[in-house]
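Report on one structure; see the data block that follows.
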Amino acid sequence: MNFSLPAVDPCRCPLCGQSNACAMATPATTVGAGATAPGPCWCTRVHFSADVLKQVPEAARNKACICAACARASKGKFDGDNA
């Protein structure tokens, strides 16, 4: 019997399953004759606590971004936040 784990969806938060709005996971859009590469993701400007990173299942590590709601809930710091 061969069991396979479900594939990791890079567009979904591995903690809550909601959309993570990851620019790097979004497919390039076609513009004119070519495709544009995704821009930098919001998550490159956020500090994720070690505690929240430990909660990411091993299968999803380095494959799916944590969403902004989970980052904020874990006291992640966003550029421009005063907290």
Side-chain angles (χ1 to χ4, degrees):
M1 207 168 235
N2 187 6
F3 292 101
S4 61
L5 295 173
V8 173
D9 183 348
C11 295
R12 298 255 168 229
C13 175
L15 301 180
C16 71
Q18 297 301 311
S19 172
N20 58 21
C22 180
M24 293 182 275
T26 303
T29 56
T30 304
V31 177
T36 59
C41 187
W42 66 270
C43 68
T44 63
R45 298 180 302 273
V46 178
H47 170 76
F48 293 95
S49 71
D51 289 337
V52 76
L53 293 175
K54 287 179 192 174
Q55 294 175 39
V56 175
E58 183 134 357
R61 291 182 185 172
N62 299 311
K63 294 183 177 119
C65 291
I66 296 166
C67 72
C70 287
R72 285 192 194 277
S74 73
K75 300 179 184 168
K77 297 276 185 178
F78 286 71
D79 283 352
D81 275 0
N82 294 324

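Worth knowing before you read on, the calculation uses all heavy atoms, side chains too, and leaves out hydrogens, waters and symmetry mates. Along the sequence shown, residues carry numbers from 1.
Distance check: Q55 CD to C70 SG gives 8.0 Å after rounding to the nearest 0.5 Å.
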Mind listing the side-chain donor-acceptor pairs of residues 7-19 below 3.5 Å, one per line with the distance, residues two or more places apart or on another chain?
residue: D9; atom: OD1; partner: C11; partner atom: N; Å: 2.9
residue: R12; atom: NH1; partner: G17; partner atom: O; Å: 3.4
residue: S19; atom: OG; partner: A21; partner atom: N; Å: 3.4

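Looking at every heavy atom in both residues, I66 comes nearest to F48 through CB-CE2, 3.8 Å. Of all the heavy atoms in C41 and C22, the pair that sits closest is SG-CA, 3.5 Å. Residues K54 and R61 approach most closely at O-NH2, 3.3 Å, considering heavy atoms. In terms of heavy atoms, C67 sits closest to W42 at C-CH2, 3.6 Å.
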